[in-house]
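In what follows, a single structure is set out as structure tokens and then discussed.
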Amino acid sequence: MTTGFTMTIAGRAVAAAAGYDVIDPADETVAGRAPLCSPEQLDQAVAAARTALPAWSATTFEERRKLVLAVADAVEAHLEPLKRLLTREQGKSLDDAAGEILGFGYWLRGTASLSLPETVNEDSTERLSVTRRVPLGVVGAIVPWNYPLGNAGFKIVPALLAGNTVVWKPSPFTPLTTLRVGEILRDVLPPGVLNVVSGDAGLGPRMTAHPGIDMISYTGSTRTGRRVMAGAAPTLTRLTLELGGNDPAIVLPDVDVPAVAEKLFWGAFANSGQVCLAIKRLYIHRDVYEPLKQALAACATTVRMGAGTEAGVRLGPLQNRPQYDRVLGLLHDSRARGHRFALGGPPRDEDRDRPGYFVPLTLVDNPPEDSRIVQEEQFGPVLPLLSFDDIEDAVIRANAGEYGLGASVWSADPEAALAVGRRLDAGTVWINEVQHLTPHVTFAGHKQSGLGSESGPEGLLEFTTPRTITVRRTATAPTPAA
């Protein structure tokens, strides 16, 4: 068990009177013990951010940019211990953990290359009117357990760059790497600019309702997102919400099956399916349904699943017991309803007796469209394969439901795929690839997949508000006395 974790408040190490165990999902042992932030300590973190705000927002954009780049350097300098800690608490392989940490640095550097606009509305002999973007204040960043650092990069970097101060709360399931990063950054950022707190399920609601927090940036489920929005309503706290998705992929009949099979496989199963933008419904034209199904199953036989610390492991367990139980519930529902499994299925009883939250790679063979395995976001290593004959039918089915996060279309003819992609109701649509994101491109969800934007110029603007200053240049003639 890794010990010695503290919160970071006002640039100092802060212990808590109570703590809780963080479970390694690969063997269900204790990976470490995290501090349980009290209501008083949350108040202290918000107060520290509020105190640091005037000086931080008064720095130039270029000064803040340099410090953001220093944050990237400091985190990457601790790559080896951080990747091992991330694997212990999250479950992903060491290579994937390293990729997430390096991706965090990439995101910081890319976001730091952005700038805030300035609009000159009028510049005449009579008047100068300029609109600039100014920081909102104290930002509460609430980050999920699938990518504790990766998702944080979408929030804390633009918030800091725009001149806000931050209170950063990781998921209760994966707080350890975030706490370590907070420790590393105490000597990089001015005290109070970035505060890191950890706690149980009650800490998030206290943050969303806190009168000292001016904005909440949250990533997680749509159900919890609704509660975040309700909690923020009394104070009209600004929000960005990156929520659930049930992303469709549509495969047209002209694809080169061997060429696309591995891309589709990893688009669905990377991080054991625990990706917001994972392919979660795969619509395959009937002409290529059987060969693509077989090719996907063949890909699975080449991939080793196990503890992320073991050599050769590509996929780890589900991160936590509630998610494990939820995915098993979907699989058992499919079995009870007579769905066919082209691969995998519910774990055998003897496998369930072993420690760890492992679910076999599973392909569900053409289940009904109204089944739970199709209609609900799995967020696990489970993929329903669905056949279609008519592209109109596929588009209607792909667009059905409450979500509209991402989607993809696959074809040997990019123009034909693009014509289909333009009809999909999703914030991001990829043609012949999936999950390609950069800090320069805006990312947002349609329907109940989110509110506001992340990344790119628009994502940076989310952490600001416009302020227009108008200067009258000509003196106004005095009003004659009555």
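FYI, the numbering just counts along the sequence from 1. What you are looking at is a predicted structure, and each value in this text was computed from that prediction instead of being measured.
- With Thr208 contributing its side chain and Ala232 its backbone, the two residues share no donor-acceptor pair below 3.5 Å.
- Between Arg354 and Asp27, no side-chain nitrogen of the basic residue sits less than 4.0 Å from a carboxylate oxygen of the acidic one, so the salt-bridge criterion is not met.
- Contact annotation: the side chain of Val197 never approaches that of Trp168 to less than 4.5 Å [non-hydrogen atoms, C-beta and beyond].
- A cation-pi arrangement is found for Arg180 relative to Phe5, the charged atom lying closer than 6.0 Å to the ring centre and inside a 45° cone about the ring normal.
- With sequence neighbours excluded, the residues satisfying side-chain hydrogen bond (donor to acceptor under 3.5 Å, both in side chains) with Thr177 are Glu89.
- At a cut-off of 3.5 Å, with distance as the only test, a side-chain donor of Ser408 or Trp410 sits close to an acceptor on the other residue.
- Proximity of a side-chain donor or acceptor of Tyr20 to a complementary backbone N or O of Pro172 within less than 3.5 Å is detected.
- Annotation: Glu402, atom CD; neighbour count of heavy atoms from other residues, nucleotides and ligands within 6.0 Å is above 12.
- At a threshold of 4.0 Å, the pair Lys263-Glu433 does not count as salt-bridged, since none of the basic side-chain nitrogens sits closer than that to a carboxylate oxygen.
- Counting non-hydrogen atoms of other residues, nucleotides and ligands closer than 6.0 Å to CZ of Arg473 gives a total above 12.
- Judged purely by atom type and a 3.5 angstrom limit, Thr362 has no side-chain atom pairing as donor or acceptor with the backbone of Val382.
- Pro439 has its side chain within reach of Tyr106: a pair of non-hydrogen atoms, C-beta onward, lies under 4.5 Å apart.
- Note on Glu377 versus Lys280: salt bridge recorded, some NZ/NE/NH1/NH2 to OD/OE distance being below 4.0 Å.
- Evaluated for a side-chain contact (heavy atoms from CB on, under 4.5 Å) with Cys37, the options Leu42, Val14, Val196 yield exactly one hit, Leu42.
- Looking at Asp24, its side chain never comes within 3.5 Å of a backbone N or O of Ala31 through a donor-acceptor pair.
- Checking side-chain atoms of Arg372 against main-chain N and O of Leu330 turns up no donor-acceptor pair under 3.5 Å.
- Put simply, the side chain of Asn271 reaches to within 4.5 Å of the side chain of Gln90, judged on heavy atoms.
- Side-chain contact of Thr131 with Thr119: a donor-acceptor pair under 3.5 Å is absent, judged by distance alone.
- Of the N and O atoms on the side chains of Gln448 and Arg226, at least one donor lies less than 3.5 Å from an acceptor on the other residue.
- In this structure, the side chain of Asn195 engages the main chain of Gly192 through a donor-acceptor pair within 3.5 Å.
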- Message: Apply side-chain contact (heavy atoms from CB on, under 4.5 Å) to residues Thr6 and Leu179 and explain how you reach the verdict.
- Response: CA-CA 7 Å; Thr6 55; Leu179 291 167; over 6 Å; no
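- Within the 4.5 Å cutoff, side-chain heavy atoms of Phe61 are placed close to those of Leu116.
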- Message: The test is side-chain hydrogen bond (donor to acceptor under 3.5 Å, both in side chains); show your working for Ser453 and Thr442 and say whether it passes.
- Response: CA-CA 6 Å; Ser453 303; Thr442 299; 5.6 Å; no
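- For CZ of Arg12, the number of neighbouring non-hydrogen atoms (other residues, nucleotides, ligands) closer than 6.0 Å is 12 at most.
- Of the possible polar contacts, none joining the Asp214 side chain to the Pro135 backbone as a donor-acceptor pair under 3.5 Å is found.
- Looking at Lys66 and Glu63, no side-chain N of the basic residue comes within less than 4.0 Å of a carboxylate O on the acidic one, giving no salt bridge.
- Applying the side-chain hydrogen bond (donor to acceptor under 3.5 Å, both in side chains) criterion to Gln274, with sequence neighbours excluded, gives no partner residue.
- The cationic group of Lys155 does not satisfy the cation-pi geometry with Tyr218, failing either the under 6.0 Å distance to the six-membered ring centre or the 45° limit from the ring axis.
- Judged by distance alone, the side chain of Glu100 and the main-chain N or O of Leu149 form a donor-acceptor pair under 3.5 Å.
- Proximity of Ser217 to Glu454: side-chain heavy atoms (C-beta onward) are separated by under 4.5 Å at one or more points.
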- Show the numbers, then the answer: is there a side-chain hydrogen bond (donor to acceptor under 3.5 Å, both in side chains) between Ser124 and Glu122? CA-CA 6 Å; Ser124 65; Glu122 182 179 346; 2.9 Å; yes
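- Using a 4.0 Å cut-off between charged nitrogen and carboxylate oxygen, Arg238 and Glu462 do not count as a salt-bridge pair.
- Side chain of Arg314 to main chain of Met305: no donor-acceptor pair is present (N/O by atom type, distance under 3.5 Å, no hydrogens or angles).
- Ionic pairing of Glu118 and Arg133 is not present here: no N-O contact between side-chain nitrogen and carboxylate oxygen is shorter than 4.0 angstrom.
- Comment: Asp73 engages Arg109 in a salt bridge, judged by a side-chain N to carboxylate O separation of less than 4.0 angstrom.
- In this structure, Phe154 and Phe443 have perpendicular ring planes: the angle between them is above 60°, well past the 30° mark.
- When atom types are taken as modelled, the side chain of Thr111 and the backbone of Leu108 share no donor-acceptor pair closer than 3.5 angstrom.
- Nearest heavy-atom pair across Ile9 and Gln41 is CD1-O, 3.6 Å.
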